[in-house]
Every structure is written in C-alpha cells, then in structure tokens.
Amino acid sequence: MKVYADNAATTKLSVNALNAMMPFMKEIYGNPSSLHTAGQQAKEYLEQAREDIADLIGAKPREIYFTSGGSEGDNQAIRTAAYIGAKKGKKHIISSKFEHHAVLHTLSALEKEGFSVTLLDVYSVGIVKSEDVENAITEDTCLVTIMTANNEIGTVQPIAEIGEICRKKGVLFHTDAVQAVGHIPVHVNDMNVDMLSASAHKFHGPKGIGFLYVKSGIPLKNMIEGGAQERGKRAGTENMPAIIGMVAALKEAVEHLDENAKKISAMRDRLIDGLQGIERSRINGDLSHHLPGTLNMCFEGIEGESLLLLLDMRGICASSGSACTSGSLDPSHVLLSIGVPVEIAHGSLRLSISEYNTMEEMEHIIKSVPEIVSYLRSISPVWEKITSEEK
C-alpha cells in the first residue's frame with residue numbers, strides 16, 4: 001500500500017486545479033502585459049483571479065500580490081516593514097522561536113543590517129502568548145511577525161489577539177499563513193493582520209505560486225526589479241497557469257473546509273489512538289489549538305531518519321523533525337523551542353494527512369510505526385542504555 005502522509009511539505013495537485021490550468025498552457029497563453037487581444041484576454045483572467053483570491057480571504061483585489069510562494073512572500077513582507085520602520089528610526093522586530101526558516105533567516109539577515117530581533121518563547125504547548133507580544137513591543141518596534149500555524153507540530157496561534165495588540169500599539173503585523181490557508185478559516189480582517197503570505201502547493205495547487213496580502217496604504221518594498229507587473233511591486237511575467245490553478249484549488253478547499261476538517265481530524269485522531277501507546281513516545285504541541293491533519297511525535301532511542309527510510313520501504317511517505325545538513329544531524333529548532341531534549345528530538349516523526357487519505361491508510365501507518373520503532377530500538381545502543389538505567 002502506498003500512503004502519502006507528508007502533506008505539510010507539499011500536496012497532490014487537485015484535478016480541478018489541473019483542469020483549470022490546461023487552457024492557459026494551450027489556448028490562453030498571451031502575456032497579460034501585452035496590448036493585443038491575446039494579452040488583454042489574459043489580463044482579464046489575471047485580474048479576475050486577483051478578485052477571487054481577495055474574496056476568499058476577505059481582502060480587496062488591490063491588496064493581493066502574486067508571488068512565487070511562501071518564502072518570497074515572507075521576505076517581501078518582512079523587508080517592507082523593516083524598510084518602513086527604518087525610515088522612522090524604528091528597527092526592532094518581534095517574532096517567535098519556531099517560525100519557518102524563511103522568516104528566521106530573513107530576520108538574521110536584518111540583524112546584520114542593524115535591526116534588533118526578539119524571538120518569543122512558544123512554551124511546551126507550542127503557542128505564543130499574546131501578552132508576551134504586548135510586553136515585548138517597544139517604541140522602536142516596527143514589526144511583529146508570527147506564523148498562523150506551525151509547519152512541524154501544527155499548533156495554531158492566537159493571531160486575532162496578537163493583531164489587535166499590534167493595532168493598538170501602531171505596529172505592523174505579518175503572519176506566515178502558509179500552513180493555514182485552505183485548512184482553517186482565514187479572513188484577514190477578522191485576524192487583524194496587515195500582511196499575510198500563502199503558498200498554493202500547500203492546498204492542492206501548483207508549486208511555484210503564492211500570494212501576499214498587503215493592507216491598503218502600506219508601501220510594499222520591491223524584492224524583484226524589472227517590469228511593471230503587480231502594480232510595479234513584483235517584476236516578471238505573471239505565471240498565468242499557476243495563478244489560475246491556485247485560485248481553483250483555494251476555491252475548492254474553502255468550499256469544503258468544514259467537511260474536509262471533519263474527515264481529516266477523524267483520521268488524525270485514529271493515528272493518535274493507535275500510536276500514543278508506544279512506550280516512551282510523546283505527542284508534540286497542544287492538540288486543542290491545532291491544524292486538523294498534522295501529528296508530530298517523538299520516540300526515544302531511535303533516529304528519525306532511520307524511521308523515515310523504513311517507513312518508505314513500506315510505502316509510507318512521512319517526514320522527521322530532524323534534518324541532515326552539511327553531513328551533520330541537527331535536531332528540529334521547532335522541537336527544541338518547545339523544550340524537547342536534543343536526544344529525543346532526533347527521534348521525531350511528522351505525519352500530515354489530507355482529504356485524499358483514507359482510514360485504511362491510517363491503519364497501515366498504525367501497524368507499521370510500532371513495528372519499525374521496536375526494530376530500531378532492538379539495534380539501538382541508546383535504547384539499551386535507557387532501558388538498563390530503568391532496571
């Protein structure tokens with residue numbers, strides 16, 4: 001049996017999205033910047049797509065900019081706020097310790113440019129406290145950037161509360177909503193956000209396309225110079241097939257949001273029931289404020305990479321909180337931020353499911369994971385040490 005349980009990394013392209021894209025690769029292929037009929041036809045579809053995205057998140061069409069995805073959107077939003085702040089002499093930014101690297105690395109780069117950064121704790125539950133945000137804001141703060149939902153452990157943050165604090169303090173607020181859009185309700189006005197970034201391939205759209213919401217009145221800083229596309233704020237010929245596919249995928253996701261959440265949550269709960277009994281295992285993150293389809297667990301005495309490889313041999317695609325970088329194994333910064341010890345963080349497993357998964361597939365995972373964990377522990381000197389110390 002083949003089981004794809006790595007939907008937080010990327011999702012299967014929906015049939016609706018693919019069908020919507022095809023005419024824009026075969027018949028409607030004009031450049032939206034061209035003045036001739038073919039170009040203007042494409043431009044009409046481009047602006048309709050912008051209106052559709054805006055409607056789906058409660059924004060205005062002129063507040064939507066098409067990007068290549070979440071990383072570009074995060075970079076442009078953060079640098080825009082930094083640029084605005086610097087002109088006013090404000091160079092302090094607040095974020096959290098378990099943000100995506102697209103945020104954390106951008107903040108590190110800004111630190112080298114003279115900005116100061118405060119990374120807030122997320123505690124053992126994996127949730128930022130709104131009062132911590134309020135206490136961290138100073139007269140020099142130009143931006144707060146907190147993700148809507150964490151990409152590794154799935155915890156959902158109190159975005160509306162944080163946004164309300166930022167409005168009261170007069171500080172710009174950006175959220176990386178890459179894991180949230182298409183999976184939980186996202187309405188920019190209800191969330192009190194000034195900027196929001198999203199990526200299509202997280203909700204069954206194509207890769208390489210996303211959007212950035214920027215509240216009217218915020219002067220967006222260019223990241224890519226060139227032509228006058230996206231009202232002069234993002235140069236480069238628009239990727240029309242991908243834009244159309246993203247709109248189709250998001251419409252489908254929003255239309256079936258409650259239905260999908262119910263189905264996916266039931267499968268996730270079955271995984272929890274079937275796996276939480278494994279000896280010396282732990283579930284990471286507060287499940288009461290959580291995405292429907294993400295489950296992150298740690299198993300003591302094993303390495304996550306070995307678990308992933310053996311799962312793959314059984315047809316199960318999953319991911320680990322550990323990453324092999326430059327030949328050295330580094331534990332997940334997300335798991336470390338919630339207080340998971342380094343030695344335990346190495347044995348992590350993230351299962352992220354979608355509406356395309358089935359209960360039968362969950363049973364295959366439930367059967368496979370304990371068997372593989374047991375095997376890996378049987379050959380692990382670390383596990384032998386753990387068990388011998390308990391005797």
Exercise. Kindly assign one of parallel, tilted or perpendicular to the pair Tyr356 and His204, based on the angle between their ring planes and the thresholds 30° and 60°.
Key: perpendicular
Quiz item: Would Arg231 count as a cation-pi partner of Tyr65, with NZ or CZ less than 6.0 Å from the six-membered ring centre and within 45° of the ring normal?
Solution: yes
Quiz item: Does NZ or CZ of Lys12 fall inside the cone over Tyr4's six-membered ring, less than 6.0 Å from its centre and within 45° of the axis?
Solution: no
Quiz item: Would His174 and Ser197 count as having a side-chain donor-acceptor pair, cut-off 3.5 Å?
Solution: yes
Pair [X] + [Y]: basic N to acidic O under 4.0 Å:
X      : Y      : value
Asp52  : Lys251 : yes
Lys367 : Glu371 : yes
Arg79  : Glu113 : yes
Glu361 : Lys2   : no

Exercise. Determine, stepwise, if the pair Tyr83 / Asn222 fulfils side-chain hydrogen bond (donor to acceptor under 3.5 Å, both in side chains).
Key: CA-CA 11 Å; Tyr83 176 74; Asn222 292 24; over 6 Å; no
Quiz item: Atom CE in Met147, atom CD in Glu99: separation rounded to 0.5 Å?
Solution: 5.0 Å
Quiz item: Is the distance between the ring centroids of Tyr45 and Phe24 less than 6.0 Å?
Solution: yes
Just checking [X]: does its [atom1] atom have more than 12 heavy atoms from other residues, nucleotides or ligands closer to it than 6.0 angstrom?
X      : atom1 : answer
His289 : NE2   : no
Glu51  : CD    : yes
Glu111 : CD    : yes

Quiz item: Looking at Leu250, Ile53, Val254, which hits side chain to side chain contact (heavy atoms under 4.5 Å, CB included) with Val181?
Solution: Leu250
Quiz item: If we only count heavy atoms from C-beta on, is the Asp194 to Val214 side-chain gap below 4.5 Å?
Solution: no
Exercise. Please lay out, stage by stage, how Ser130 and Glu161 fare under the test side-chain hydrogen bond (donor to acceptor under 3.5 Å, both in side chains).
Key: CA-CA 6 Å; Ser130 55; Glu161 295 175 24; 3.3 Å; yes
